Amino acid sequence: MNSSTDLDERLRDAAARQRRAGHLARMRAATAEQIRRARDRVDGLELELSLEEEDVARLEGGLSAVLARMLGNREERLDRERAEVAVARERVDGHRTRLAQLESDARAAEAELAALASASAEYAELLSEKERRLIGGGDTRAKELAEIGAAFDRVTADVREHQEAHQAGQAAHDALTGVLTHLDSARNASTWDMFGGGLIADAIEHNRLHTADQAAWHAQRALDRFTRELADVGLTAHPRLPTVNMTGFVDAYLDNIVVDVLQHQRIENTRAEVAKMAGWVRDTGARLKTRHTELSAERARLLARREELLRGSARQVTENPEDSPRLDQE
């Protein structure tokens, strides 16, 4: 291997390391914003949980408990308040888990970035060396080949990043479709409940809502990944799923037609928001796919031009073997 070939390989490796560092820096910035929003959300939900727990404490002892006993509805109110505490605690736990996952992602990116800290300086130094050699050689085709090589590497990286973003979007869309499926099932149970389904319909409805809530956590995680991949291709977004309303579990203690209708409407509203989010993911994915196709065409054009230059160079060597420099020499 001659020194020119060795330099080209070192330059390509340095360029790849620099692109990776840029990719990680964009991911780090996107993750930092997600962490900030997740922490705000956890703080808000923890406050809501503490208020719900205070309501339970007041009913378990104190003036509120005395008044509830006098009214004869203490146990009913306690059941309701305890159910609300359980729902609030589940939401806090879910958001804490999401926050921990985001912080883990941030630490991993930070560690890899530290290992690539010198990538930019290494690339600049090798690029300068390559430029000196090209200028010294005076071959205009060699210079164009170097420019094509650099452009090809950039476009190839863009193709890969758009493909990764598209795949992350597809995963997010699939996860949202799962949430919609569970919400559809809950909506059907809610419809049955409005027409006299009773406790059985209530139980089915709560089960479906709980399943939808768990699926929503998976979908939000997929949306987090999609957001970071979008940041890598220059798009900024902060999608957040609506909270799956679990008050159907609480409202089971106040089962009547008014409550049933209100819960049915809440499910419809949540489903509409999730469907809107799924539509946005689908449309964004379509734009990513279009851009991926354009970049792939540009990469093919660069490859064709490189082949044209190399074939032309080979012909010149064949036609003028004495005048042309040997290809195996520097």
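These numbers were taken from a predicted model, which means no experiment stands behind them.
Using a 4.5 Å heavy-atom threshold, the side chains of Asp153 and Arg19 count as touching. Between Leu288 and Phe226 there is a side-chain heavy-atom pair separated by less than 4.5 Å.
Under a hydrophobic clustering in which Ile, Leu, Val, Met, Phe, Trp and Tyr are joined whenever their side-chain heavy atoms come within less than 4.5 Å, directly or via other members, Val42 and Leu45 fall into different clusters. Ile35 and Leu230 fall into different hydrophobic clusters, defined by Ile, Leu, Val, Met, Phe, Trp and Tyr side-chain heavy atoms under 4.5 Å apart, directly or through other members. Under a hydrophobic-cluster definition in which Ile, Leu, Val, Met, Phe, Trp and Tyr are linked whenever side-chain heavy atoms come within less than 4.5 Å, directly or via other members, Val92 and Leu47 are assigned to different clusters. In this structure, Trp217 is not a member of the same hydrophobic cluster as Val274, with clusters built from ILVMFWY side-chain heavy atoms closer than 4.5 Å.
Between His23 atom NE2 and Glu164 atom CD the span is 6.0 Å, to the nearest 0.5 Å. Atom CD of residue Glu84 and atom CD of residue Glu52 lie 4.5 Å apart, to the nearest 0.5 angstrom. Note: Thr156 OG1 to Arg299 CZ = 5.0 Å, rounded to the nearest 0.5 Å. Distance check: Arg17 CZ to Ser118 OG gives 5.5 Å after rounding to the nearest 0.5 Å. Here the straight-line distance linking atom CD of Gln170 with atom CD of Gln167 works out to 9.5 Å at 0.5 Å rounding. Note that the CD atom of Glu112 and the CE atom of Met27 stand 10.5 Å from one another [nearest 0.5 Å].
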> Taking it one step at a time, do Arg10 and Glu122 satisfy salt bridge (Lys or Arg N to Asp or Glu O under 4.0 Å)?
Replying inline: CA-CA 10 Å; Arg10 288 161 56 205; Glu122 290 173 1; over 6 Å; no

> Checking salt bridge (Lys or Arg N to Asp or Glu O under 4.0 Å) for the pair Glu46/Arg96: CA distance, chi angles, key distance, verdict?
Replying inline: CA-CA 10 Å; Glu46 286 177 341; Arg96 283 174 178 166; 2.8 Å; yes

> Is there a salt bridge (Lys or Arg N to Asp or Glu O under 4.0 Å) between Glu273 and Lys276 once you walk through the steps?
Replying inline: CA-CA 5 Å; Glu273 290 186 55; Lys276 183 178 179 181; over 6 Å; no

> Can you list the steps and then say if Gln101 with Asp105 is a side chain to side chain donor-acceptor pair (under 3.5 Å)?
Replying inline: CA-CA 6 Å; Gln101 291 170 335; Asp105 291 342; over 6 Å; no

>> Under the criterion side chain to side chain donor-acceptor pair (under 3.5 Å), I'd like the reasoning laid out for His95 against Arg98: C-alpha separation, chi angles, the key distance, then a yes or no.
In response: CA-CA 5 Å; His95 279 278; Arg98 180 193 173 213; 4.6 Å; no

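Results of the side-chain contact (heavy atoms from CB on, under 4.5 Å) test with Leu102 over Arg39, Arg228, Arg107 single out Arg228 as the only residue that passes.
Side-chain N/O atoms of Thr284 and Arg287 include a donor and acceptor closer than 3.5 Å.
Contact detail for Leu49 and Arg89: the closest heavy-atom pair is CD1-N, 3.8 Å. Nearest heavy-atom pair, Ala212 versus Val179, reported as atom, atom and distance to 0.1 Å: O-CG1, 4.3 Å. Residues Leu99 and Ala38 come closest through the heavy atom pair CD1-CB, 3.9 Å. Here the shortest heavy-atom pairing between Val159 and Ser296 reads CG2-N, 3.9 Å. Leu113 and Leu24 get closest at one heavy-atom pair: CG-CB, 3.7 Å. When every heavy atom of Arg12 is checked against every heavy atom of Gly149, the shortest pair comes out as NH2-CA, 4.2 Å.
Ion pairing of Arg37 with Glu33 is present here, as a side-chain N (NZ or NE/NH1/NH2) and a carboxylate O approach within less than 4.0 Å. Glu161 has a carboxylate O that lies under 4.0 Å from a charged side-chain N of Arg26, or vice versa, which qualifies the two as a salt bridge.
The main-chain N or O of Leu223 is found under 3.5 Å from a side-chain atom of Thr227 such that the two form a donor-acceptor pair. Judged purely by atom type and a 3.5 angstrom limit, Thr181 uses its side chain to pair as donor or acceptor with the backbone of Thr177. The backbone N or O of Asp224 sits less than 3.5 Å from a side-chain atom of Gln34, completing a donor-acceptor pair. A donor-acceptor pair under 3.5 Å links the side-chain atoms of His162 to the main chain of Asp158, judged by distance alone.
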